[in-house]
2 protein chains.
Amino acid sequence: MTIPQSEELNLLHVHICQALSDPTRLQILYALHDKPRNVTAIAKLLDTPQSTISRHLAVLRQRSLVTSKRDGMAVNYSLSYPRIITVLDMMREVLREALEQQSQAVQ
Amino acid sequence: MTIPQSEELNLLHVHICQALSDPTRLQILYALHDKPRNVTAIAKLLDTPQSTISRHLAVLRQRSLVTSKRDGMAVNYSLSYPRIITVLDMMREVLREALEQQSQAVQ
DNA sequence: TTTGGTTATCCGGCTATCCGAATAAGCAGA
DNA sequence: TCTGCTTATTCGGATAGCCGGATAACCAAA
C-alpha cells in the first residue's frame with residue numbers, strides 16, 4: 001500500500017484544508033498573525049459584516065485553528081498554532097514559483 | 001494595513017486549498033508522490049469509480065497541481081510540484097501536535 | 001477501419017457552504 | 001436591574017461541490 005496515512009488524520013487534514021479554502025478566513029488568519037483581535041476589529045479591518053466574521057471564526061474555532069478568550073466585553077481571538085502561517089507561506093511560495101514558470105512557458 | 005497579500009495571490013491560494021480539501025484528492029496526490037500513475041491504476045488503487053478519479057484529476061490539473069502526459073493508450077499523471085507534499089506533511093505535523101496537546105489537556 | 005482498452009464528459013440529484021439582515025444572548029458598567 | 005456594547009445564532013435563499021452510471025471521445029494495434 002502506498003498510502004501510509006491513517007484514515008483519521010486524512011479526514012482531519014481535509015477539515016483543515018477546507019477551513020483554509022475561503023478568502024475571508026485566510027485574511028482572518030493573517031490578521032490574527034499580525035496580532036490578536038476581537039470580532040468587531042476584524043470586521044472593520046476586512047470591511048465585512050460582523051455576522052459573517054463571527055461565522056468564519058466559529059469555523060476556525062471548531063477546527064482549532066484559532067483560540068478565543070474573553071477580555072472584558074470583547075472576545076479576543078488569536079492563532080492556536082502560529083506555525084500554520086509558515087505552512088500557508090510555503091504554499092504561497094510554491095504557488096509563486098509555479099506562476100513564474102507558467103509565465104516563462106508562455107513566452 | 002496588516003494584510004500584505006495581493007488579492008490575486010489570495011484567490012489562487014484559496015483555489016489550491018480548495019483543491020486539497022477532499023479526501024480522495026489528497027489520496028491521489030500521495031499516490032502520485034509514490035510514483036506517476038494513470039487514471040485506471042489510481043481508480044483501482046483507491047477502489048473508486050474511474051469517472052470520479054478522472055473528475056478529481058481534472059480539478060488537480062486545472063489548479064496545476066498535477067501534470068498529464070499521454071503514454072501509449074494511457075495518460076500518465078504526476079505531481080507538478082513535489083514540494084506540495086512537503087507542505088502537506090508540515091500541515092499534518094502541526095495537526096498531530098495539536099492532537100497530542102488536546103489529548104493531554106483532557107487528562 | 002474495426003476493435004478494445006483508456007480517459008473525459010454529461011447527467012440528475014443530493015449535500016454542503018456561503019451570505020447578510022435580523023434577532024438573541026452575554027456581559028460589564030452605571 | 002437597566003443600558004449599551006459585543007458576539008453568536010437563526011433564517012431563507014442562492015451557489016458550488018460531490019457522486020457514480022452512462023456515454024462519448026481518443027487512440028493504438030490488428
Side-chain angles (χ1 to χ4, degrees), chain A residues 7 10-32 35-80, chain B residues 7 10-32 35-80:
Chain A
E7 189 77 13
N10 207 34
L11 288 182
L12 278 171
H13 195 162
V14 165
H15 238 157
I16 298 299
C17 288
Q18 203 274 338
L20 301 175
S21 31
D22 179 279
T24 304
R25 285 199 289 267
L26 274 190
Q27 286 184 300
I28 291 175
L29 289 176
Y30 276 103
L32 295 182
K35 64 177 179 190
R37 299 172 196 261
N38 64 31
V39 182
T40 305
I42 300 173
K44 277 185 193 157
L45 179 65
L46 303 187
D47 191 28
T48 303
Q50 176 268 328
S51 70
T52 299
I53 298 297
S54 183
R55 223 179 326 102
H56 282 306
L57 283 170
V59 172
L60 294 172
R61 210 184 330 116
Q62 284 157 12
R63 265 80 156 178
S64 298
L65 287 171
V66 302
T67 306
S68 61
K69 191 177 174 187
R70 180 165 280 279
D71 173 28
M73 266 189 302
V75 176
N76 239 284
Y77 279 87
S78 54
L79 293 185
S80 304
Chain B
E7 189 77 14
N10 207 34
L11 288 180
L12 279 170
H13 194 164
V14 165
H15 240 159
I16 298 299
C17 289
Q18 202 274 338
L20 300 176
S21 32
D22 179 280
T24 304
R25 285 199 289 266
L26 275 189
Q27 286 184 299
I28 290 175
L29 289 176
Y30 276 103
L32 294 183
K35 64 177 179 190
R37 301 171 195 261
N38 63 32
V39 181
T40 306
I42 300 173
K44 278 185 190 154
L45 179 66
L46 303 186
D47 191 29
T48 302
Q50 177 267 328
S51 70
T52 298
I53 297 297
S54 182
R55 222 182 327 103
H56 282 306
L57 283 170
V59 172
L60 294 172
R61 208 183 333 115
Q62 284 158 13
R63 266 80 157 177
S64 299
L65 288 170
V66 303
T67 305
S68 62
K69 189 177 174 186
R70 180 162 281 279
D71 174 27
M73 267 188 303
V75 175
N76 238 283
Y77 279 87
S78 55
L79 294 184
S80 303

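Atom set for the values below is all heavy atoms of this structure, side chains included, hydrogens, waters and symmetry mates excluded. Predicted model only: the values in this text are computed from it and were never measured.
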- Query: Are the side chains of B:V75 and B:Y77 in touch, meaning some heavy atoms are under 4.5 Å apart?
  - Reply: yes

- Do A:I53 and A:T24 touch side chain to side chain, with heavy atoms closer than 4.5 Å? yes

Donor-acceptor contact present, side-chain [X] to main-chain [Y], <3.5 Å:
{"X": "B:T48", "Y": "B:L46", "result": "yes"}
{"X": "B:S54", "Y": "B:Q50", "result": "no"}
{"X": "A:N38", "Y": "A:A41", "result": "yes"}

How close or far is atom [atom2] of [N] from atom [atom1] of [X], stated in whole angstroms?
{"X": "A:I53", "N": "D:dT6", "atom1": "CD1", "atom2": "P", "answer": "15 Å"}
{"X": "B:K69", "N": "D:dC27", "atom1": "NZ", "atom2": "P", "answer": "16 Å"}
{"X": "A:I42", "N": "D:dT7", "atom1": "CD1", "atom2": "P", "answer": "9 Å"}

- Message: Can you work out whether A:G72 or A:T24 has the more 5'-proximal nearest nucleotide on DNA chain C?
- Response: A:T24

- Query: So, B:T67 and B:S80: side-chain donor and acceptor under 3.5 Å apart, yes or no?
  - Reply: yes

- Item | B/S/- contact track for nucleotides 1-18 of chain C, protein heavy atom under 4.0 Å | -----SBBB-------SS

